[in-house]
Amino acid sequence: MDLARPDLRPDPSLSRQEMESLQREIAAAAAFDDDHALDPAAVAVESAASLADGLPPARPDAVANETLPGTGGAVEESGVPTVVGVDQAFRTDRAGDRPDAAVSAAVAFRDGTVVEYASATTPLSIPYIPGLLAFREGEPILAALDALDAEADLLVCDGSGRIHFREAGLATHVGVLCDVPSVGVAKSLLCGEPDEPTAERPAGWRTPIRADDAVTTAEPGTVIGHAFQSRQYPNSRRVNPLYVSPGHRVSAESAVDLVAALCAGYKLPEPTRLADAHAERAKGDAE
DNA sequence: GCGACAG
DNA sequence: ATCTTGTCGC
């Protein structure tokens with residue numbers, strides 16, 4: 001898989017200042033609006049996969065359709081868009097403490113079912129630094145996408161997109177480098193302010209997240225994402241909402257609509273949930 | 001100086 | 001993210 005923007009791919013030796021200015025370039029290259037309206041109904045996942053007996057098998061015939069020569073992507077090929085969830089697990093060295101390598105997983109969905117699994121193991125370069133997550137996890141994700149035969153029409157990333165100090169979170173970083181529509185799904189809020197308090201909301205509830213002073217590249221008040229209650233228990237309301245934001249080529253509104261369509265009864269959207277499980281499995285296989 | 005922040 | 005048993009509530 002060749003990158004659409006190799007010029008924006010970070011060099012491992014960048015200083016912190018250089019990483020931050022690269023993020024401003026990436027944000028400037030990002031499109032936070034809808035281009036070819038990807039219909040949430042076309043990517044919806046109707047039933048949640050059971051993980052009790054391991055991961056479901058990939059539907060055998062589907063990937064072959066996408067790898068026919070001379071095709072321009074999955075949608076052109078079959079009319080059915082491909083959604084790819086990406087997530088990672090971390091392997092620790094035998095001494096037992098420091099994370100040693102990232103195990104990235106990419107899981108492709110079409111018609112609500114898994115069509116392909118891929119993974120890659122990548123040595124870790126820099127530690128986790130809030131705001132610079134993409135420099136730790138971006139390359140591992142690209143490696144997993146490289147190992148995937150399917151062409152993604154939408155990437156679902158585990159982390160923020162536009163909800164970021166410089167509007168260039170992980171989902172934006174990966175989406176722009178690949179020039180693929182992407183959304184970010186985070187379990188906690190990095191920056192920005194919800195319009196309404198998010199505690200104890202019923203399933204389906206959502207509220208805009210607006211840029212605050214921590215977002216240095218946007219006018220305060222700009223809608224940069226949404227809090228979205230993907231799941232809730234009827235009586236005891238203890239599930240925290242997701243924080244969904246556009247990565248690239250998707251609006252804030254479409255990003256939540258797409259994620260809502262990809263959720264099938266669990267807190268996390270199915271592509272993310274299965275990518276998480278596949279990353280765990282791949283990590284275990286290597287040990 | 002304090003705060004505060006995805007995974 | 002990761003280290004981990006039980007426990008409470010769907």
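Letters A, B, ... are given to chains in the order of the sequence lines, protein chains preceding strands, and every chain is numbered from 1. Keep in mind that the numbers below use all heavy atoms, side chains included, and drop hydrogens, waters and symmetry copies.
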- prompt: Taking NZ, NE, NH1 and NH2 as the nitrogens, is one of them in A:R5 or A:D179 under 4.0 Å from a carboxylate oxygen of the other?
  reply: no
- request: Calculate, to the nearest 0.5 Å, the distance between atoms OH and SG belonging to A:Y243 and A:C191 respectively.
  value: 12.0 Å
- request: Classify the nucleic acid contact of A:L132 as base, sugar-phosphate or nothing, counting any heavy atom under 4.0 Å across all strands shown.
  value: base
query: Would one find a side-chain N or O of A:K187 under 4.0 angstrom from OP1 or OP2 of B:dG7?
result: yes
message: What's A:Y128 touching, base or sugar-phosphate or nothing? Going by heavy atoms closer than 4.0 Å.
response: base
- prompt: Expressed in angstrom and rounded to an integer, what is the separation of A:R136 atom CZ from B:dC5 atom C1'?
  reply: 15 Å
message: Just verifying a value: how many Å separate A:Q232 CD and A:N240 CG, rounded to the nearest 0.5 Å?
response: 9.0 Å
- prompt: Do NZ/NE/NH1/NH2 and the carboxylate oxygens of A:E167 and A:R162 come within less than 4.0 Å?
  reply: yes
- prompt: In whole Å, what is the span from the CG atom of A:D213 to the P atom of B:dG3?
  reply: 18 Å
query: Which of these nucleotides, C:dT2, B:dA6, B:dG7, is closest to any side-chain atom of A:D87?
result: B:dG7
- request: Send over the distance from A:I126 CD1 to B:dG7 C1', rounded to a whole Å.
  value: 12 Å
field: A:R91 CZ to C:dC3 C1', straight-line distance once rounded to whole Å
entry: 18 Å
task: Report which part of the nucleic acid A:A102 touches: base, sugar-phosphate, or nothing (heavy-atom distance under 4.0 Å, all strands).
output: nothing
task: Starting at the 5' end of DNA chain B, write a dot or bracket for each base, bracketing those in Watson-Crick or G-U wobble pairs whose two distances are under 3.5 Å and using | for partners on another strand.
output: .......
- request: Starting from C1' on B:dA6, measure out to CG on A:L133 and report it in whole angstrom.
  value: 6 Å
query: At under 4.0 Å between heavy atoms, what does A:I163 touch on the DNA or RNA strands: base, sugar-phosphate, or nothing?
result: nothing
field: Residue whose nearest DNA chain C nucleotide is more 5′ - A:Q88 or A:Y233
entry: A:Q88
message: Which nucleotide wins on minimum distance to the side chain of A:K283, given the candidates B:dC5, B:dG7, C:dT2?
response: C:dT2
- request: Ignoring backbone atoms, establish whether A:Y243 has a side-chain N or O less than 4.0 Å from OP1 or OP2 of B:dA6.
  value: no
- request: To the nearest Å, give me how far apart CD (A:E200) and P (C:dC10) are.
  value: 13 Å
field: Expected output: side-chain A:Q88 to main-chain A:A279 donor-acceptor under 3.5 Å
entry: no
- prompt: Do the side-chain N and O atoms of A:D34 and A:S251 include a donor-acceptor pair separated by under 3.5 angstrom?
  reply: yes
query: With under 30° as parallel and over 60° as perpendicular, where do the rings of A:F135 and A:H173 fit, or are they tilted in between?
result: perpendicular
task: Round to the nearest Å and state the distance from A:F90 atom CZ to C:dC3 atom P.
output: 12 Å
- request: Would you mind reading off the distance between A:R238 atom CZ and C:dT7 atom C1', rounded to a whole angstrom?
  value: 10 Å
query: Passes salt bridge (charged side-chain N to carboxylate O under 4.0 Å, His left out), A:R110 versus A:D153? Steps please.
result: CA-CA 10 Å; A:R110 296 175 77 192; A:D153 296 300; over 6 Å; no
task: Respond yes when some side-chain nitrogen or oxygen of A:S188 is under 4.0 Å from OP1 or OP2 of B:dC5, and no when none is.
output: no
field: Residue mapping more 5' on DNA chain C - nearest nucleotide basis, A:Q232 or A:E280
entry: A:E280
